[in-house]
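Contents: one structure, followed by commentary.
Being a predicted model, the structure only gives us computed values, none of them experimental. Naming: A, B, ... by sequence-line order, numbering from 1 per chain. For the numbers below, each heavy atom of this structure counts, side chains included, while hydrogens, waters and symmetry mates do not.
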Number of protein chains: 2
Amino acid sequence: MPHALLTTVTDQPGMLSRLTKVFADHQVDIRYVDLHTRNKLSEIYWELTLGDIDMPHLLDELRALPDVHRVEETVPFGKIYGKRVIVMGGGAQVGLVAMGAIAEADRHNIRGEHISVDTIPLVGEQALAAAVRGVVRLPRAKLLVLAGSLMGGEITEAVEEVRKIGLQVISLNMAGTVPDAADLVVTDPVQAGVMAVMAVADTAKFDLMRQLKRRY
Amino acid sequence: MPHALLTTVTDQPGMLSRLTKVFADHQVDIRYVDLHTRNKLSEIYWELTLGDIDMPHLLDELRALPDVHRVEETVPFGKIYGKRVIVMGGGAQVGLVAMGAIAEADRHNIRGEHISVDTIPLVGEQALAAAVRGVVRLPRAKLLVLAGSLMGGEITEAVEEVRKIGLQVISLNMAGTVPDAADLVVTDPVQAGVMAVMAVADTAKFDLMRQLKRRY
């Protein structure tokens, strides 16, 4: 597990460069970074593998930089929010898939897993295709469920693209070509949510690769 | 709206420093950055406000760097996934809050909003308190709903902390001190989800500040 740091700095051009230079100087490997800005301050969350420097010295060097207000070690996000199952599509079906996925995630999280279920109700071919393509850029996203009654065209192309770079995709049984492009097709939305969580859970025996191209 | 860039680079120490130096040299202001690593490559997503350089020249400078494989302009995340309502707590109630929130988000998203509903079913005082504190570090998170039957102690402290830095919190009506610390208390989980989305939607008339400390 990498180390996690939270830094609070003045929001101005060059700040990120000032911090990353310290990491580069010490061969610190940045595994994940997340910056956002609120009220003239930027909060930057880092996950790092230390290089030729230990944590107390790294903290000292960062704290000595100008316009750095706060530096503290923190718990890695992966330990808090864990793997993410993403559900997108029409609201009615997204809600039912989420119900199944949340109930199943609860069963695994009670036994020590960390699985989140994230949803976005969304309509329109272009909007959905862009959202599908974006999933591979969402941190910790492991599996996508497409929930709707009709999806094809550019959404299907997007599904094929993201599957090629390793994202698993479950589709509800629906009209259009998206089911043909998915790893698995499920008719019952609640079951689709349950299977999605089982597929990413280490505590479950469900192997999506063994179910490849099946329809339930 | 800022510009968004997607860069694909070799995963090695110093890469981020190399890129941020270009931004610093041209007074480019980094509004958001998100880096993650897959198969020896790091994908870095940037949202930027341009300084003394235009986009074509910035793209050229980045592409000229060693170990930079791909640089492209892309659609900002905020336009795709939008504002996030986060629901956390016991699985059964999280599922029902999510149902309400997703159905309501669908109604607003159809009219051009972008609202996501993200959930994590989670038990235990320490785990929940850590997750509550983490919400302010999640990009685009606007409102937190706590769904359960008993929450207090350190979770209540965490709720008070995040409210102070501007996160809105809705609590289900439950045992423990969390309801006393929340902005609003709602008994019906589906209604709690609906109200949460109404509170963050620009297309809704619901003003959480006018409902402050009420119980439904």
Side-chain angles (χ1 to χ4, degrees), chain A residues 6 11-18 20-21 23-24 27-38 42-45 51 75 77 80-82 90-92 94-96 98-99 102-103 105-107 109-110 114-123 127 130-131 134 136-139 165-166, chain B residues 6 11-18 20-21 23-24 27-39 42-43 45 51 75 77 80-82 90-92 94-96 98-99 102-103 105-107 109-110 114-123 127 130-131 134 136-139 165-166:
Chain A
L6 200 59
D11 171 32
Q12 63 188 22
M15 276 312 300
L16 197 62
S17 177
R18 213 175 279 174
T20 51
K21 186 168 181 314
F23 298 137
Q27 295 288 309
V28 170
D29 196 16
I30 302 165
R31 310 308 304 164
Y32 176 76
V33 58
D34 180 291
L35 169 152
H36 45 124
T37 301
R38 195 191 291 265
S42 293
E43 270 218 332
I44 314 167
Y45 168 80
V75 184
F77 261 2
I80 299 178
Y81 300 105
V94 168
L96 288 169
M99 280 285 283
I102 292 165
D106 196 43
R107 299 176 67 229
N109 291 354
I110 276 175
H114 291 86
I115 300 170
S116 307
V117 180
D118 295 349
T119 72
I120 174 162
L122 203 65
V123 286
V136 291
R137 284 145 46 193
L138 290 176
I165 40 182
Chain B
L6 198 60
D11 171 32
Q12 62 188 22
M15 277 311 301
L16 199 61
S17 177
R18 213 174 278 173
T20 52
K21 188 171 181 310
F23 298 138
Q27 296 287 308
V28 170
D29 196 16
I30 301 166
R31 309 307 305 164
Y32 175 75
V33 58
D34 180 291
L35 169 150
H36 46 124
T37 299
R38 194 191 291 265
N39 303 332
S42 293
E43 271 219 330
Y45 168 81
V75 184
F77 260 3
I80 299 179
Y81 300 105
V94 168
L96 289 168
M99 280 285 283
I102 292 165
D106 195 43
R107 299 176 67 228
N109 291 355
I110 276 175
H114 291 87
I115 300 170
S116 305
V117 180
D118 295 348
T119 72
I120 175 162
L122 204 63
V123 285
V136 291
R137 282 145 49 195
L138 290 177
I165 39 182

Bottom line for Gln27(B): the part with an atom under 4.5 Å from chain A's heavy atoms is both
So CG of Leu122(A) and NE2 of His114(B): to nearest 0.5 Å the spacing works out to 6.5 Å
Honestly, the part of Leu138(B) sitting under 4.5 Å from a heavy atom of chain A is both
If one checks every heavy atom of Ile165(B) against chain A at 4.5 Å, the contacting part turns out to be backbone
Honestly, the part of Phe23(A) sitting under 4.5 Å from a heavy atom of chain B is neither
For Ile30(A) and Leu16(B) the tightest heavy-atom approach is CD1-CD2, 3.6 Å
Those residues at least two apart in sequence (or on a different chain) that pass salt bridge (Lys or Arg N to Asp or Glu O under 4.0 Å) with Arg31(A) are Asp29(A), Asp11(B)
Would you say Val94(B) and Asp106(A) make side-chain contact, with heavy atoms under 4.5 Å? no
To the nearest 0.5 Å, atom CG of Leu35(A) lies from atom OG1 of Thr20(B) at 11.0 Å
One option among Ser17(A), Gly91(A), Ala24(A) has the most heavy-atom pairs under 4.5 Å with chain B, and it is Ser17(A)
Max heavy-atom pairs within cutoff under 4.5 Å with chain A, candidates Val123(B), Leu96(B), Ile110(B), Val33(B), goes to Val33(B)
Max heavy-atom pairs within cutoff under 4.5 Å with chain B, candidates Gly14(A), Gly90(A), Ser116(A), goes to Ser116(A)
Bottom line for Ala98(B): the part with an atom under 4.5 Å from chain A's heavy atoms is side chain
The side chain to side chain contact (heavy atoms under 4.5 Å, CB included) partners of Val75(B) (sequence neighbours excluded) come to Lys79(B), Ile80(B)
For Ile115(B) and Ile120(A) the tightest heavy-atom approach is O-CG1, 4.1 Å
Bottom line for Val28(B): the part with an atom under 4.5 Å from chain A's heavy atoms is backbone
